[in-house]
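The block underneath contains the structure these notes are about, expressed in structure tokens.
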Amino acid sequence: FLTLFCGFLVLAPSMAGSADGVIRRWVDVFWTSSARLREVDPRRIRYVYFSVLCGYAVFGVLVLAFVDGAKLMLLASIIFNWALGFSIWHTLGVNCLLLPRELQPGWFVRIAMALGGLFFFIIAGMATYAEMQKAGWV
């Protein structure tokens with residue numbers, strides 16, 4: 001019991017911090033992209049935040065209830081590899097297109113970032129293909 005309780009004490013605060021970070025980013029995206037939402041009194045943003053928090057919690061409970069844990073970890077790792085590849089190339093594009101020439105990365109950094117993004121895309125593609133084969137989709 002004490003081992004499980006200690007595990008909870010370690011994991012609960014880090015999970016709460018991670019969930020808060022995800023939810024704040026999504027609320028910022030909603031706020032930035034929606035002219036209608038920006039018309040809302042900024043003191044009422046808490047309702048948007050807590051709505052997203054409740055949706056996130058319900059989604060998490062449903063996924064944990066209906067998806068096998070090992071399958072969930074596999075899917076999460078595949079999604080994160082796609083996200084890493086995209087994030088690297090997005091950062092490279094933003095740095096090369098939007099930054100002033102003096103602040104743009106050098107060729108070595110550009111090549112390293114392009115190769116890093118390619119690496120994560122290849123890993124994600126291979127894992128996705130393998131899972132699609134297992135499911136009989138390919």
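Between the CD1 atom in I45 and the CG atom in D28 there is a gap of 8.0 Å [rounded to 0.5 Å]. Between the CZ atom in R110 and the CG atom in N95 there is a gap of 9.0 Å [rounded to 0.5 Å]. Of the inter-residue distances, the one linking N81 atom CG with F86 atom CZ reads 15.0 Å to the nearest 0.5 angstrom. Distance CG/L97 to CG/L92: 8.5 Å, rounded to 0.5 Å. Put simply, CH2 on W31 and CZ on R24 are 13.5 Å apart, with the number rounded to the nearest 0.5 Å. In this structure, the separation between SG on C6 and CZ on F1 is 9.5 Å, given to the nearest 0.5 Å.
Annotation: W26 is not in aromatic contact with Y56 [ring centroid separation under 6.0 Å not met].
Salt bridge absent: E39 and R36 never bring a charged side-chain N and a carboxylate O closer than 4.0 Å.
The shortest non-hydrogen separation linking L9 to P13 is O-CD, 3.1 Å. Between F120 and G85 the shortest heavy-atom distance is CB-N, 3.7 Å.
Under the 4.5 Å side-chain contact rule for hydrophobic residues, L84 and L75 do not share a cluster. Grouping the Ile, Leu, Val, Met, Phe, Trp and Tyr side chains by contacts below 4.5 angstrom, directly or via other members, places W89 apart from F80. Hydrophobic clustering (side-chain heavy atoms under 4.5 Å, transitive across Ile, Leu, Val, Met, Phe, Trp, Tyr) groups M15 together with L53. Hydrophobic cluster membership is shared by I78 and L118, with clusters built from Ile, Leu, Val, Met, Phe, Trp and Tyr side chains linked at under 4.5 angstrom. One hydrophobic cluster, built from ILVMFWY side chains closer than 4.5 Å, cannot hold both L74 and Y129; they sit in different ones.
Side chain of Q133 to main chain of V138: no donor-acceptor pair is present (N/O by atom type, distance under 3.5 Å, no hydrogens or angles).
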Would you sort out whether F50 and V27 count as a side-chain contact (heavy atoms from CB on, under 4.5 Å), showing the intermediate values? CA-CA 10 Å; F50 286 115; V27 170; over 6 Å; no

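Considering only heavy atoms from C-beta on, V48 stays 4.5 Å or farther from V40 through its side chain. Taking the side chain as every heavy atom from C-beta outward, I88 and T91 never approach each other to under 4.5 Å.
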